[in-house]
Each structure stands twice: as C-alpha cells, then as structure tokens.
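Below is one structure; the comments refer to it alone.
These values consider heavy atoms only, across backbone and side chains, with no hydrogens, waters or symmetry-generated copies.
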Amino acid sequence: MAETPTTTLWLGRAIFLGLSLLIIFMQLVPLNLEPGGWTAPDLLLALTVAWIARRPDYAPFYVIAALYLLTDLLFQRPPGLWAALVLIMTEVLRGRAKRIRDMPILLEWGSVAVGIVAITVANRVVLAIVMMPQAPLGLTLIQMLTTIAVYPLVVLVAHFIFGVSRTAPGAVDSLGHRL
C-alpha cells in the first residue's frame, strides 16, 4: 500500500507523541530509589529538538505545549516555565528549519546545543529571581551536557529506526505547499 503524504505526516506525529509519552512514563517509574550522583539526559528535550530540526511538521506547536505542560505538572516544576522556554526554542528552530536542512550535522548539533544552553540558563535565572528551590548547579550542568551529547544518537535513532529525515529541498506536501 502506498503511503500518501498525509498518512506519513500523521504517522510521524503519532510516533513523536507515542515516544514522548513513553519517555515521560519511563521517567515516572521508580527504577532506583537511591539518589545518584549524576543525572540522566533530558531525552524528551533531545527527541523534541531532533524532530523539530529534522521534520518540524511532525511536532506541532500544540502537541509540544501540551506535553511540556504535562511534564511540568507531573514532575512538580513551576507550571509553564519549562514549557514556555522549550516552546520558544522549538519555534526558533522551526523558523530556521530550512537553513538547518542545508547544514552539516555538526552545525545542526551546535545550533541545538546553543538553544539547550540558552533555555537551561534562562530557567535557572528565572527560578533564582523568584527564589524557587533549584537542583544543584552541577547536576543541572551535567544534565545539560549529557542532553547535548546524546542529541546525535537521538538523531541517528530517529533517522534509521523511525524514518525521520530532513526534507529534500523543493519537497512539497499533499497540498502542494513547499516544505
């Protein structure tokens, strides 16, 4: 059966939503009750920016907003702060998607890294301004660096397992609009 562009679009969106919910679920499951000395990368953030950088139409604005607001509520963070910062970063990346499409992977990785650093710093600054308790700076830096480091692996998995690749220059959607 031939896949139409509309079917491919909705399948990509469903895969993104399903993987995001799986990551959220896995973070909620108590696998180890002892606190560790390091923190794992933010796989949800790496997945989101990989999908946005590769195929922005697979991760709509409202899905990202709902997912990150859900994570703010489930992980007991200030509601909306991290969601707003991630939305700002993803919309900047979405606006640059055509330029990112033509970049080599190292430049794409660099622009994603700049975005991750910017939202991490902005989050810490806002939390410091309103005097909210924060995780130690070392743990925040470790999570930020591991998230940046894991980004190429997420891109490889997205490309080879889920078929999320960059659109070709001049590609059009089912309505004839340029991607």
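For Thr120 (side chain) and Met144 (main-chain N/O), no donor-acceptor pair under 3.5 Å exists by modelled atom type. With Tyr68 contributing its side chain and Leu45 its backbone, the two residues share a donor-acceptor pair below 3.5 Å.
Interatomic distance, CG of Leu93 versus CD1 of Ile100, reported as 4.5 Å (0.5 Å rounding). How far CE of Met26 is from CG of Leu43: 10.5 Å, rounded to the nearest 0.5 Å. If you take NZ on Lys98 and CE on Met103, they are separated by 14.5 Å, rounding to the nearest 0.5 Å. One distance of note links NE2 of His159 with CZ of Arg54; it measures 7.5 Å at 0.5 Å rounding. Between Ile148 atom CD1 and Gln143 atom CD the span is 11.0 Å, to the nearest 0.5 Å. Distance CD1/Ile119 to CH2/Trp82: 3.5 Å, rounded to 0.5 Å.
Heavy-atom minimum distance, Asp72 versus Leu81: OD2-N, 3.7 Å. Summarising the geometry of Met89 relative to Ile116, their closest heavy-atom pair is SD-N, 3.6 Å, with the distance given to 0.1 Å. Leu127 and Pro78 get closest at one heavy-atom pair: CD2-CG, 3.5 Å. The two residues Val154 and Leu47 come nearest to each other via the heavy atoms CG1-CA, 3.8 Å. The heavy-atom pair separating Ala53 from Glu108 by the smallest distance is CB-OE2, 3.6 Å. In terms of heavy-atom proximity, Ala59 sits nearest to Ile64 at O-CD1, 3.6 Å.
For the side chain to side chain contact (heavy atoms under 4.5 Å, CB included) criterion with Leu11, the lone passing option out of Ile15, Leu9, Thr8 is Ile15.
Cluster membership for Leu19 and Leu70, using ILVMFWY side-chain heavy atoms within less than 4.5 angstrom, is shared. Under a hydrophobic clustering in which Ile, Leu, Val, Met, Phe, Trp and Tyr are joined whenever their side-chain heavy atoms come within less than 4.5 Å, directly or via other members, Leu21 and Phe61 fall into the same cluster. Following chains of ILVMFWY side-chain contacts shorter than 4.5 Å, one can reach Leu74 starting from Leu85, so the two form part of one hydrophobic cluster. A single hydrophobic cluster is not seen to contain both Val92 and Val125; linkage of ILVMFWY side chains at heavy-atom distances under 4.5 Å, directly or through other members, places them apart. Residues Val114 and Val121 do not share a hydrophobic cluster, defined by chaining ILVMFWY side chains whose heavy atoms lie under 4.5 Å apart.
Contact of the Pro152 side chain with the Val155 side chain is not registered, since no non-hydrogen atoms from C-beta on lie closer than 4.5 Å. Two residues are said to be in side-chain contact when any heavy atoms from C-beta on lie closer than 4.5 Å; Leu67 and Leu17 meet this criterion. Considering only heavy atoms from C-beta on, Leu137 comes within 4.5 Å of Arg124 through its side chain.
For the pair Arg55 and Tyr58, the cation-pi test (distance below 6.0 Å, angle within 45°) is passed.
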Test side chain to side chain contact (heavy atoms under 4.5 Å, CB included) applied to Thr90 and Trp51, step by step = CA-CA 10 Å; Thr90 56; Trp51 246 253; over 6 Å; no

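Donor-acceptor pairing under 3.5 Å is lacking for the side chains of Ser111 and Arg99.
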